[in-house]
Amino acid sequence: MGSVREGAARSRRRDMATVGVHHHGLLILPEVFDRSVRDMPLRPLSKRYAAILAAVLLPMPLAALFLGFFAIPGHRVHDPFAHGLLEGFCALVALVLVYVLRQEWLDSGNRRLGVMAHGFLIYGILNLLHAIAPHGSHGFVFLHSIAGLAGAIVFWASVMDFPPVMNSLAPSDAQARRITAAVAAGALALGVLGHGISENISLLSEDGSFSIAALAINVLAAGFFFMTGLSFLSDFRRCREPILFILALGMFVFTETYAMFSI
């Protein structure tokens with residue numbers, strides 16, 4: 001009897017030691033991001049999760065329509081300081097996710113995690129520049145729009161299939177640092193140069209409304225976010241891992257945000 005208890009204790013210690021190696025969170029991601037999920041049957045979305053989708057996604061467009069057409073038609077309620085704080089907070093959250101996803105990429109070698117981590121890195125840097133840009137300027141609008149478009153394209157790329165041999169290559173720390181530094185430098189360059197050239201792009205009309213160019217960028221970003229959300233939702237319906245539902249929900253919220261940016 002004692003030997004059985006000792007064996008069980010040793011097994012628990014081994015399990016704890018194994019978990020201790022992966023101490024950066026989201027342990028399940030490498031498994032649920034495996035493309036073998038696509039071989040599983042697509043099951044219907046349960047009523048509970050459908051209700052969550054509706055509860056999170058419906059209030060935003062309904063509130064926007066009410067404010068835009070009934071409460072304050074033709075006016076914008078926009079405090080520059082509050083907006084800057086909110087966008088800065090969102091950027092910092094994105095940069096925290098970079099650390100978590102990047103570490104899981106290093107631990108598992110799953111290429112999709114690496115792509116998604118760098119998508120959040122691009123979005124976080126550009127959105128931070130947007131938060132500190134002069135409110136209501138062409139650069140302010142450009143940085144918000146390009147942050148969404150660049151992030152959405154990379155997120156969409158993260159849900160695409162990779163060849164198995166590519167997906168199983170775990171990078172070294174040095175390789176990961178070089179890739180991350182290159183992506184961060186590219187995002188900074190895009191933000192700085194974009195802020196400079198945006199004054200020559202007609203993003204704002206004389207009355208302060210958004211131009212066709214600004215609308216097109218935001219609609220395109222919303223489209224990529226929506227396709228990514230659908231992919232995560234399909235994966236969730238196959239394997240029932242809640243983290244995939246949360247990722248899908250986040251992508252759909254981004255879809256609404258960028259689709260309604262001009263309202």
Side-chain angles (χ1 to χ4, degrees), residues 45 49-50 52-69 76-78 83 86-91 93-94 97-98 112 115-131 133 136-160 187 190-191 194-195 198 201-205 208-237 244-263:
L45 191 65
Y49 283 103
I52 293 172
L53 275 175
V56 172
L57 299 180
L58 285 179
M60 189 187 299
L62 291 178
L65 290 172
F66 174 77
L67 293 174
F69 290 98
R76 287 177 171 275
V77 177
H78 213 315
H83 181 87
L86 178 61
E87 294 288 3
F89 174 75
C90 291
V93 169
L97 289 173
V98 172
R112 295 180 73 201
V115 174
M116 177 168 281
H118 292 103
F120 276 109
L121 180 62
I122 294 170
Y123 177 82
I125 290 174
L126 292 176
N127 210 40
L128 193 59
L129 294 174
H130 159 69
S137 65
H138 287 274
F140 178 84
V141 177
F142 177 82
L143 287 168
H144 179 276
S145 302
I146 206 67
L149 181 59
I153 291 174
V154 179
F155 294 146
W156 176 72
S158 75
V159 302
M160 295 296 99
L190 178 63
H195 182 68
S198 63
I201 305 173
S202 57
L203 298 173
L204 292 171
S205 304
S209 62
F210 295 101
S211 68
I212 295 296
L215 292 174
I217 294 173
N218 284 278
V219 169
L220 193 59
F224 278 108
F225 279 128
F226 182 70
M227 290 189 294
T228 307
L230 284 180
S231 181
F232 281 133
L233 189 62
S234 295
D235 285 352
F236 166 72
R237 291 172 61 188
L244 289 171
F245 181 80
I246 293 170
L247 289 171
L249 201 59
M251 293 299 129
F252 288 143
V253 170
F254 276 135
T255 299
E256 289 188 338
T257 300
Y258 279 85
M260 298 190 300
F261 182 58
S262 58
I263 294 179

Open item on the list: Checking Y49 against F236 for the ring pair (Phe, Tyr, Trp, His ring centres under 6.0 Å) test, could you report, in this order, the C-alpha distance in whole Å, the side-chain angles of both residues, the deciding distance, and whether it holds?
Closed with: CA-CA 11 Å; Y49 283 103; F236 166 72; 4.7 Å; yes

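- Here the straight-line distance linking atom CZ of F142 with atom CG of L129 works out to 11.0 Å at 0.5 Å rounding.
- Contact check for V159 versus D235: no side-chain heavy atoms found under the 4.5 Å cut-off.
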- [ ] Show your reasoning for whether side-chain contact (heavy atoms from CB on, under 4.5 Å) applies to L233 and L45.
- [x] CA-CA 9 Å; L233 189 62; L45 191 65; 4.2 Å; yes

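- Annotation for L126 and A150: closest pair CD1-CB, 4.3 Å, computed over non-hydrogen atoms.
- Interatomic distance, OG of S231 versus CE of M160, reported as 5.5 Å (0.5 Å rounding).
- A214 approaches S145 most closely through the heavy-atom pair O-OG, 4.5 Å.
- Between M260 and P61, the shortest heavy-atom contact is SD-CA, 3.6 Å.
- Remark: aromatic rings of F252 and F226 are close, center separation under 6.0 Å.
- With sequence neighbours excluded, the residues satisfying side chain to side chain contact (heavy atoms under 4.5 Å, CB included) with V56 are I52, L249, V253.
- Of the inter-residue distances, the one linking N218 atom CG with H144 atom NE2 reads 6.5 Å to the nearest 0.5 angstrom.
- Screening F232, F120, F224 for a ring pair (Phe, Tyr, Trp, His ring centres under 6.0 Å) involving F155 leaves a single residue, F120.
- To the nearest 0.5 angstrom, T228 atom OG1 is 10.5 Å from L247 atom CG.
- The nearest pair of heavy atoms linking Y258 to A221 is CD2-CB, 4.2 Å.
- Applying the side-chain hydrogen bond (donor to acceptor under 3.5 Å, both in side chains) rule to T255 yields no partners; only residues at least two apart in sequence or on another chain are considered.
- The shortest non-hydrogen separation linking L57 to E256 is O-OE2, 2.5 Å.
- A147 approaches Y123 most closely through the heavy-atom pair O-CD1, 3.5 Å.
- For L128, the side chain to side chain contact (heavy atoms under 4.5 Å, CB included) partners are A91, not counting sequence neighbours.
- Residues M251 and L230 fail the side-chain proximity criterion, which asks for heavy atoms closer than 4.5 Å.
- Classification of the F225-F254 ring pair by plane angle, with boundaries at 30° and 60°, yields parallel.
- No side-chain heavy atom of L190 sits less than 4.5 Å from a side-chain heavy atom of I125.
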